[in-house]
Amino acid sequence: MDYQEKTVLLKNGKSCVIRRAEEADAERLLRYQKETSGETPYLVSGPEDIDWTAEQQAKRIERWNASADRLRLLAEVDGELAGVSIVYANNTQTRLRHRCCVDITLYRKFWGLGIGTALLREVLGAARAAGYEQAELEVVSANTPAIGLYKKLGFDAVGTMPRALKYGDGSYADFLLMVKRLD
Ligand SMILES: CC(C)(COP(=O)(O)OP(=O)(O)OC[C@H]1O[C@@H](n2cnc3c(N)ncnc32)[C@H](O)[C@@H]1OP(=O)(O)O)[C@@H](O)C(=O)NCCC(=O)NCCS
């Protein structure tokens with residue numbers, strides 16, 4: 001999916017550039033995945049799951065940029081990577097093509113500045129422009145900041161998946177399933 005770079009003003013007065021990930025971003029995207037997955041217990045992947053190389057990451061970005069139904073957007077503040085949000089098709093079958101999945105994660109030091117709101121808004125706008133009718137996500141039910149962001153942007157909770165994640169200490173976390181109509 002295409003995307004026109006945009007600059008937004010944050011709560012701290014700084015500017016944030018939102019743009020599509022390019023192959024040259026592969027190395028720092030890999031570092032971001034390793035680092036952010038260790039900053040919060042609320043993600044599906046832990047640092048141990050990030051086992052691909054920068055070359056593989058670059059290929060993945062290339063494939064995504066060539067596809068009409070996937071987009072990976074980056075948020076940068078003062079040239080530093082603050083976070084990433086993605087949208088991708090729920091599945092390939094014709095009857096599922098109206099549905100997309102979205103995801104977002106920022107580095108902890110950039111939480112609370114309005115980047116999540118701006119970045120997710122852009123991803124949802126691009127998803128609507130690409131013809132998706134509904135955006136979906138799963139969020140750990142204890143993840144209050146993320147649920148607040150999703151509700152603010154019009155997502156409704158539609159159900160719960162019990163014991164969706166199992167942590168190393170044997171404890172579980174439930175997922176809240178959330179949906180937003182785009183049409
Ligand atoms: C979830 C996340 C993307 C939010 O991004 P953010 O830039 O901090 O969010 P914003 O500053 O734009 O805030 C958006 C809304 O979220 C809610 N929110 C944000 N932080 C919150 C907090 N600490 N407690 C409660 N609600 C919070 C509020 O409703 C806020 O709206 P407001 O600014 O009008 O009050 C960010 O916290 C993050 O990356 N978390 C770790 C990864 C993660 O959990 N991703 C979601 C996986 S499903």
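Each ligand, and each atom within it, is numbered from 1 in the order the structure gives.
Interface of A146 with ligand 1, defined as ligand atoms under 4.0 Å from a residue heavy atom, comprises 1 (C), 46 (C). Every atom of ligand 1 is numbered from 1 in the order shown, and the set under 4.0 Å from a heavy atom of T105 is 39 (O), 42 (C), 45 (N).
Under the 4.0 angstrom criterion for non-hydrogen atoms, K151 is not in contact with ligand 1. Residue-ligand proximity: G112 is placed with a non-hydrogen atom under 4.0 Å from ligand 1.
Atom CD of E76 and atom CD1 of I18 lie 10.5 Å apart (nearest 0.5 Å). Atoms CG and CD1, on L73 and I86 in that order, are 10.5 Å from each other to the nearest 0.5 Å.
Of the protein's non-hydrogen atoms, K11 NZ, 4.5 Å is the one closest to atom 35 (O) of ligand 1. Scanning the protein for heavy atoms near atom 41 (C) of ligand 1, the closest one is W111 CZ2, 3.3 Å. Residue, atom and distance of the protein heavy atom nearest to atom 12 (O) of ligand 1 are T117 OG1, 2.6 Å. Among protein heavy atoms, the minimum distance from atom 39 (O) of ligand 1 is reached at L106 N, 2.7 Å. Protein heavy atom nearest atom 16 (O) of ligand 1, with residue, atom name and distance: L149 N, 3.2 Å. The protein heavy atom nearest to atom 45 (N) of ligand 1 is I104 O, 2.8 Å.
Which of K152, R121, R108 comes nearest to atom 30 (C) of ligand 1 through a heavy atom is settled by distance: it is K152. Counting only non-hydrogen atoms, the option in F175, Y150, Y42 that gets closest to atom 46 (C) of ligand 1 is Y150. Considering L176, T144, V44, N143 only, the shortest heavy-atom separation from atom 44 (O) of ligand 1 involves N143. Around atom 20 (N) of ligand 1, the closest heavy atom drawn from P41, P145, G148 belongs to P145. Compare G116, A118, G114 by their heavy atoms: the one nearest to atom 7 (O) of ligand 1 is in G116.
Remark: the backbone N or O of A126 is not paired with any side-chain donor or acceptor of Y132 at under 3.5 angstrom. Under the 3.5 Å distance criterion, the side-chain polar atoms of T36 are matched with a main-chain donor or acceptor of Y32. In this structure a side-chain-to-backbone donor-acceptor pair under 3.5 Å is missing from R99 to N90. Using a distance-only test at 3.5 Å, with no hydrogens or angles considered, no donor-acceptor pair links the side chain of Y88 to the main chain of D103. Remark: the backbone N or O of L30 is not paired with any side-chain donor or acceptor of Q57 at under 3.5 angstrom.
Proximity of L137 to ligand 1, defined as any heavy-atom pair under 4.0 Å, is not found for any part of the residue. Here E138 has backbone heavy atoms under 4.0 Å from ligand 1, and that is the only part of it that gets that close. Residue-level proximity to ligand 1 for Y107 is absent, since no heavy atom of it falls below 4.0 angstrom.
Exactly one of V17, L10, N12 qualifies for a side chain to side chain contact (heavy atoms under 4.5 Å, CB included) with V77. That residue is L10. Put simply, the residue from E23, E22, R70 that forms a side-chain hydrogen bond (donor to acceptor under 3.5 Å, both in side chains) with N65 is E22. The salt bridge (Lys or Arg N to Asp or Glu O under 4.0 Å) test with D25 singles out one residue from R31, R72, R19, R20, and that residue is R19.
For Y3, the side-chain hydrogen bond (donor to acceptor under 3.5 Å, both in side chains) partners two or more places apart in sequence, or in a different chain, are E122.
The stretch residues 137-155 participates, sequence neighbours left out, in these side-chain hydrogen bond (donor to acceptor under 3.5 Å, both in side chains) pairs: T117-K152.
Residue-to-ligand polar distances keep V139 apart from ligand 1: every N/O pair is separated by 3.5 Å or more.
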